[in-house]
Amino acid sequence: MTAREYNSAVDQYADNIYRFVLKHIKNTDVAKDIVQETFAKVWIKRDTVSVEKIRSYLFTTAHHTLIDVLRKEKYQTTVEAIDKHESASPHKNTDLQKILHDALDQLPEIQRTVILLRDYEGYEYAEIGEITNLTESQVKVYIFRARTKLKQILISVEAVLEQ
């Protein structure tokens with residue numbers, strides 16, 4: 001990959017990767033750091049990266065970097081974060097986008113990842129499998145389970161809002 005192709009990839013995919021990461025962690029500074037680290041890793045490996053597969057490679061790298069950050073933060077969770085998470089109530093908010101984001105937050109990490117890649121970023125099942133190191137069948141199962149869980153969450157929110 002040439003410097004021009006790399007710069008083109010940055011221009012073309014930086015916003016998508018940022019959105020993908022931000023949906024997971026809800027911290028703009030950390031999301032920016034992960035995006036920057038992702039592109040730094042790609043720059044280092046630019047000679048081995050195929051231009052035709054740059055999109056998948058970028059999202060795979062971002063996904064792995066995100067997982068690393070989440071693992072580090074898992075051990076640094078503060079009491080404030082625990083209290084905030086337990087006291088959050090998506091049912092009291094009528095803003096649909098907020099309700100959807102809160103519903104996504106309730107999904108297990110892998111289900112949230114495959115839903116974001118499929119429904120927000122438009123990846124095919126096989127591409128999601130490459131990014132997450134899952135088989136295509138596993139991807140389909142996780143997406144089905146995630147959509148089922150989201151449906152249950154949103155139906156319960158709708159029932160509360162109608163009262």
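Keep in mind that the numbers below use all heavy atoms, side chains included, and drop hydrogens, waters and symmetry copies.
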**Q** The criterion is salt bridge (Lys or Arg N to Asp or Glu O under 4.0 Å); which residues satisfy it with Lys41, sequence neighbours excluded?
**A** Glu37
**Q** Following the transitive rule for hydrophobic clusters with a side-chain heavy-atom cut-off under 4.5 Å over Ile, Leu, Val, Met, Phe, Trp and Tyr, establish whether Ile143 and Phe59 coincide in one cluster.
**A** yes
**Q** Using the test side-chain contact (heavy atoms from CB on, under 4.5 Å), find all partners of Phe144 that sit at least two apart in sequence or belong to another chain.
**A** Thr148
**Q** State which residues pass salt bridge (Lys or Arg N to Asp or Glu O under 4.0 Å) with Glu127; sequence neighbours excluded, sorted by chain then number.
**A** none
**Q** Can you sort out the partners of Lys151 under salt bridge (Lys or Arg N to Asp or Glu O under 4.0 Å), two or more places apart, ordered by chain and number?
**A** none
**Q** I'd like to check Leu134 versus Ile128 (side-chain heavy atoms, cut-off strictly below 4.5 Å). Are they in contact?
**A** no
**Q** Apply ring pair (Phe, Tyr, Trp, His ring centres under 6.0 Å) to Tyr6 and list each qualifying residue two or more places apart in sequence or on a separate chain.
**A** Trp43
**Q** Which residues satisfy the salt bridge (Lys or Arg N to Asp or Glu O under 4.0 Å) test with Arg46, sequence neighbours excluded?
**A** none
**Q** Residues in side-chain hydrogen bond (donor to acceptor under 3.5 Å, both in side chains) with Arg147, at least two apart?
**A** Asp119
**Q** Transitively linked via ILVMFWY side-chain contacts under 4.5 Å: Ile67 with Ile110?
**A** no
**Q** I want to know whether Tyr120 and Phe20 have ring centres closer than 6.0 Å.
**A** no
**Q** Got a second to check how far Leu22's CG is from Asp15's CG, nearest 0.5 Å?
**A** 11.5 Å
**Q** Ile25: which residues meet the side-chain contact (heavy atoms from CB on, under 4.5 Å) condition with it, sequence neighbours left out?
**A** Val21, Val30, Ala31, Ile34, Leu66, Leu70
**Q** Check side-chain hydrogen bond (donor to acceptor under 3.5 Å, both in side chains) between Thr38 and all other residues, then give those that pass, not counting sequence neighbours.
**A** none
**Q** Kindly write out the residues that satisfy side-chain contact (heavy atoms from CB on, under 4.5 Å) with Thr48, not counting sequence neighbours, or none if the list is empty.
**A** Lys45
**Q** What side chain to side chain donor-acceptor pair (under 3.5 Å) pairs are there with at least one residue in residues 134-146, not counting sequence neighbours?
**A** Thr135-Gln138
**Q** Is there a donor-acceptor contact under 3.5 Å linking the side chains of Arg4 and Asn7?
**A** no
**Q** If you look only at distance, which donor and acceptor atoms sit under 3.5 Å apart when one is on a side chain in residues 51-58 and the other is two or more places apart or in another chain?
**A**
{"unit_1": "Glu52", "atom_1": "OE1", "unit_2": "Ser50", "atom_2": "OG", "d": "2.6"}
{"unit_1": "Arg55", "atom_1": "NE", "unit_2": "Tyr123", "atom_2": "OH", "d": "3.4"}
{"unit_1": "Arg55", "atom_1": "NH2", "unit_2": "Glu121", "atom_2": "O", "d": "3.0"}

**Q** Please examine the side chains of Met1 and Asp47, heavy atoms only from C-beta on, and report whether any two atoms are closer than 4.5 Å.
**A** no
